[in-house]
Student: 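Before I ask anything, let me first share the structure, which is written out below as structure tokens.
To find a chain, count down the sequence lines: A is the first, B the second, and so on, and within it residues start at 1.
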Number of protein chains: 2
Amino acid sequence: MKEFNLRILLAEDDPNLGSVLKDSLELEDNYVELYDDGEKAWNAFNKEDFDICILDVMMPKKDGFTLAGEIKKVDKNIPIIFLTAKSMQEDRIKGLSIGADDYMTKPFSFEELNLRIEAIMRRINDAKSPVIEQTEFEIGKYKYNSDYRTLYLDNTEQKLTTKEGELLKLLAFNKNQILDRDIALKSIWGNDNYFTGRSMDVYITKLRKYLKEDKSIEIVNIHGKGFKLLIKV
Amino acid sequence: MKEFNLRILLAEDDPNLGSVLKDSLELEDNYVELYDDGEKAWNAFNKEDFDICILDVMMPKKDGFTLAGEIKKVDKNIPIIFLTAKSMQEDRIKGLSIGADDYMTKPFSFEELNLRIEAIMRRINDAKSPVIEQTEFEIGKYKYNSDYRTLYLDNTEQKLTTKEGELLKLLAFNKNQILDRDIALKSIWGNDNYFTGRSMDVYITKLRKYLKEDKSIEIVNIHGKGFKLLIKV
DNA sequence: TATTTCAGTTAATTATTGTTAAGCCTTTTA
DNA sequence: TAAAAGGCTTAACAATAATTAACTGAAATA
């Protein structure tokens with residue numbers, strides 16, 4: 001199985017430009033899916049995980065702006081690059097307000113596009129969080145060992161699942177500090193779209209249940225920010 | 001919501017990139033002045049106050065490095081971000097030695113630029129409004145613990161939401177002193193436009209309700225200025 | 001005193017979070 | 001290898017938090 005750099009969703013209705021772009025991006029070791037209208041692209045987006053979207057503004061069925069708006073609703077941090085034939089002022093502003101990361105006016109060189117993607121990649125890689133070496137955590141009356149993925153209280157122990165364990169480890173490592181939603185999601189789930197977010201919430205509920213024996217422990221939510229494993233003294 | 005409202009001096013001779021950048025920065029609620037050569041930018045800098053400069057390295061009349069040097073002579077703490085076409089090591093070193101806060105190699109994504117501006121602003125803001133270490137506050141008969149985000153009265157306790165808590169903390173820290181509207185807004189909401197202002201008023205109402213049991217406490221408004229948490233003795 | 005700007009309150013709207021359970025794979029077990 | 005169990009995601013619905021709207025009153029301007 002080949003390791004790809006990025007998973008790219010490409011929406012471009014000009015078949016010529018589309019396939020040339022696809023080839024060019026694939027030559028850079030990316031995985032690319034090309035769709036020739038906004039609706040198809042939207043369907044694909046919902047089925048798979050992409051790292052970045054490159055959207056033509058003028059497309060049949062669903063234009064690039066509309067598509068981008070819908071995409072951002074689900075995954076508000078995914079990088080989007082618009083391709084546009086004209087550099088109209090209003091177009092540009094509309095694109096930017098939707099949250100475009102970049103804007104390319106046709107015609108452009110593939111090299112330029114690749115460079116911009118690289119820039120986005122750099123940022124994604126920078127955001128990757130470091131591995132946590134610590135394996136033993138004190139959480140109020142509890143102890144958690146992330147190697148055995150086991151939570152101890154008095155003489156009882158509770159084995160956690162992979163996700164439960166990863167989340168608790170992150171929380172415990174950042175104990176009494178805010179653990180940002182985005183950071184937790186990227187580090188445990190690899191992306192931070194709507195559904196992984198909901199998934200994390202489910203795990204927060206589970207962890208709260210595991211930890212409910214010690215009243216001095218609380219996983220508090222910081223609205224719009226993340227969670228904090230609060231250990232009162 | 002990543003909002004920063006800054007006065008930005010932008011010097012970039014490529015009209016296309018220049019206006020895209022201007023649009024993008026303005027959409028983030030900043031005030032931007034764009035100049036297409038170093039001399040014009042220098043004149044503008046001397047007439048007005050800017051919070052941050054974004055300078056292309058290669059410009060007519062006066063290059064970015066020279067301009068930066070002159071700017072730093074006048075205001076040695078102003079943050080400067082250089083834009084450069086090539087990622088030449090020597091350019092980078094020269095830029096940093098002049099005191100660049102950051103360095104962007106074209107092409108770059110808006111997101112990347114925004115992130116860097118955010119980072120710089122965080123530094124500035126941290127220096128301006130230091131984190132309040134204190135976590136226990138006496139408010140008349142009440143006690144407030146900002147870590148637990150809980151307000152205590154006799155043997156009752158009231159959990160506050162994130163925003164309620166942040167606002168009360170600020171007020172309590174500045175107890176019997178005036179807390180400026182814009183300072184509170186910037187520190188809690190990140191900006192001080194009309195709507196965040198209205199939002200804060202709503203929270204003031206909420207806090208007044210929480211605190212109404214002790215008649216010696218009052219959140220008074222200083223018209224056009226801000227609020228004061230008044231504790232009568 | 002008329003007018004404008006600023007503040008206070010309540011309600012409506014929108015966004016985010018909490019919880020339970022159903023569904024779908026994957027792994028284990030019989 | 002069919003059935004069961006475990007783990008994770010998704011759906012659905014409930015509850016909470018935050019923002020925006022709408023309206024009312026107060027203070028400043030001049």
Side-chain angles (χ1 to χ4, degrees), chain A residues 45-49 69-70 72-77 99 149-151 158-168 171 178-182 184-185 187-212 218-230, chain B residues 1-3 29 149-151 158-168 171 178-182 184-185 187-212 218-230:
Chain A
F45 178 82
N46 282 309
K47 285 211 196 69
E48 293 177 60
D49 266 339
E70 292 175 354
K72 284 276 177 182
K73 256 199 185 149
V74 178
D75 190 344
K76 66 177 187 301
N77 288 317
R149 230 200 277 140
T150 306
L151 188 63
Q158 169 68 54
K159 198 123 182 32
L160 303 189
T161 70
T162 313
K163 293 277 195 262
E164 288 167 355
E166 288 183 273
L167 184 54
L168 182 57
L171 283 165
I178 294 177
L179 170 63
D180 279 46
R181 259 193 119 82
D182 298 9
L185 287 172
S187 127
I188 298 174
W189 277 268
N191 69 50
D192 72 334
N193 63 35
Y194 175 78
F195 289 109
T196 47
R198 300 326 327 275
S199 218
M200 180 160 103
D201 289 335
V202 171
Y203 280 94
I204 291 288
T205 301
K206 290 180 180 170
L207 290 181
R208 281 178 175 145
K209 276 186 190 150
Y210 288 138
L211 295 172
K212 70 167 183 286
E218 205 180 337
I219 300 179
V220 294
N221 171 259
I222 287 85
H223 196 101
K225 266 262 165 197
F227 294 94
K228 191 200 276 190
L229 175 59
L230 191 68
Chain B
M1 217 190 309
K2 55 172 172 201
E3 286 176 68
D29 267 347
R149 229 202 273 145
T150 307
L151 188 63
Q158 170 68 54
K159 259 197 134 313
L160 304 189
T161 70
T162 312
K163 292 274 194 271
E164 288 168 356
E166 288 182 274
L167 184 55
L168 182 57
L171 284 165
I178 191 164
L179 170 64
D180 280 40
R181 251 195 123 81
D182 51 334
L185 286 171
S187 127
I188 297 174
W189 277 269
N191 70 58
D192 71 336
N193 62 35
Y194 174 77
F195 288 111
T196 48
R198 298 340 317 284
S199 221
M200 181 161 101
D201 289 338
V202 171
Y203 281 95
I204 290 287
T205 301
K206 290 181 180 169
L207 290 181
R208 281 177 176 144
K209 275 185 190 150
Y210 288 137
L211 296 172
K212 69 167 183 286
E218 206 181 336
I219 300 179
V220 294
N221 171 258
I222 287 84
H223 194 97
K225 266 274 170 191
F227 295 95
K228 192 195 275 189
L229 176 59
L230 193 65

Student: Using only side-chain N and O atoms of B:Trp189, determine if any of them is under 4.0 Å from OP1 or OP2 of D:dT19.
Tutor: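 For D:dT19, OP1 or OP2 has a side-chain N or O of B:Trp189 closer than 4.0 Å.
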Student: Would you give the length of the straight line joining atom CG of A:Leu171 to atom NZ of A:Lys228, rounded to the nearest 0.5 angstrom?
Tutor: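 A:Leu171 atom CG to A:Lys228 atom NZ measures 12.0 Å (nearest 0.5 Å).
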Student: Does the side chain of A:Thr161 get closer than 4.0 angstrom to OP1 or OP2 of D:dC8 through an N or O atom?
Tutor: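 For A:Thr161, the contact criterion (side-chain N or O under 4.0 Å from OP1 or OP2 of D:dC8) is met.
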Student: Looking at the side chain of B:Lys163, which of C:dT10, C:dG18, D:dT19 is the nearest nucleotide?
Tutor: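 That would be D:dT19.
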Student: Would you say D:dC8 has OP1 or OP2 under 4.0 Å from some side-chain N or O of A:Ser199?
Tutor: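 False: A:Ser199 side-chain N/O out of range (4.0 Å or more) of D:dC8 OP1/OP2.
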Student: When the distance from CG of B:Asn221 to P of D:dG25 is rounded to whole Å, what number comes out?
Tutor: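 Value for this atom pair: 17 Å.
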Student: Touch check for A:Lys209, heavy atoms < 4.0 angstrom, all strands: base, sugar-phosphate only, or nothing?
Tutor: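 The answer is sugar-phosphate, as A:Lys209 gets under 4.0 Å only of primed atoms, P, OP1 or OP2.
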Student: For A:His223 and D:dA15, what is the distance between atoms NE2 and P respectively, to the nearest whole Å?
Tutor: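 About 17 Å, once rounded to whole Å.
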Student: Answer yes or no: does a side-chain N or O of B:Lys206 lie under 4.0 Å from OP1 or OP2 of D:dT19?
Tutor: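 False: B:Lys206 side-chain N/O out of range (4.0 Å or more) of D:dT19 OP1/OP2.
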Student: Taking atom P of C:dT17 as reference, at what distance in whole Å does atom CD1 of A:Ile178 sit?
Tutor: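 Answer to the nearest Å: 12 Å.
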Student: Nearest whole Å is fine: how far is C:dT16 C1' from A:Ile204 CD1?
Tutor: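 From A:Ile204 CD1 to C:dT16 C1': 14 Å.
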Student: Which part of the nucleic acid does B:Thr162 contact within heavy-atom distance under 4.0 Å: base, sugar-phosphate only, or nothing?
Tutor: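 Sugar-phosphate contact only - B:Thr162 comes under 4.0 Å of backbone atoms but never of a base.
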Student: A quick test of your reading: do over 12 heavy atoms of other residues, nucleotides or ligands sit less than 6.0 Å from NZ of B:Lys159?
Tutor: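 Buried by this count: over 12 neighbours within 6.0 Å.
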Student: Tell me whether A:Lys73 at atom NZ has more than 12 heavy atoms from other residues, nucleotides or ligands lying less than 6.0 Å away.
Tutor: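 No, not enclosed.
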Student: Closer than 4.0 Å, any side-chain N/O of B:Arg208 to the OP1 or OP2 of C:dG8?
Tutor: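 Answer yes for this pair, as a side-chain N or O of B:Arg208 is under 4.0 Å from OP1 or OP2.
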Student: Give a yes/no on whether any side-chain N or O of A:Arg181 is located under 4.0 angstrom from OP1 or OP2 of C:dT16.
Tutor: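 Negative; the distance criterion is not met.
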Student: For C:dT9, take OP1 and OP2 only and decide whether either is under 4.0 Å from a side-chain N or O of B:Thr205.
Tutor: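 For B:Thr205, the contact criterion (side-chain N or O under 4.0 Å from OP1 or OP2 of C:dT9) is met.
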Student: B:Arg198 has an atom CZ; how far is it from atom C1' of C:dA12, in whole Å?
Tutor: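 Computing the B:Arg198:CZ to C:dA12:C1' distance gives 16 Å.
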Student: Mind checking the CD1-OG1 spacing from B:Ile188 to B:Thr196? Nearest 0.5 Å is all I need.
Tutor: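 OG1 of B:Thr196 is found 10.5 Å from CD1 of B:Ile188.
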Student: Which is true for A:Lys73 with a 4.0 Å heavy-atom rule: it touches a base, it touches only sugar-phosphate, or it touches nothing?
Tutor: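 Since no nucleic acid heavy atom lies under 4.0 Å of A:Lys73, the category is nothing.
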Student: Roughly how many Å is it from OH in B:Tyr203 to C1' in D:dT19, rounded to a whole number?
Tutor: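 Between C1' of D:dT19 and OH of B:Tyr203: 8 Å.
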Student: Once you round it to whole Å, what is the distance between P of D:dA21 and CG of B:Asn193?
Tutor: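 In whole Å, D:dA21 P lies 12 Å from B:Asn193 CG.
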Student: Could you tell me how far apart A:Tyr194 (OH) and C:dG18 (P) are, to the nearest whole angstrom?
Tutor: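 Going from OH in A:Tyr194 over to P in C:dG18 covers 13 Å.
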Student: For A:Phe227, which of A:Ile178, A:Val220, A:Ile219 qualifies under side-chain contact (heavy atoms from CB on, under 4.5 Å)?
Tutor: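 So the option named by the test is A:Ile219.
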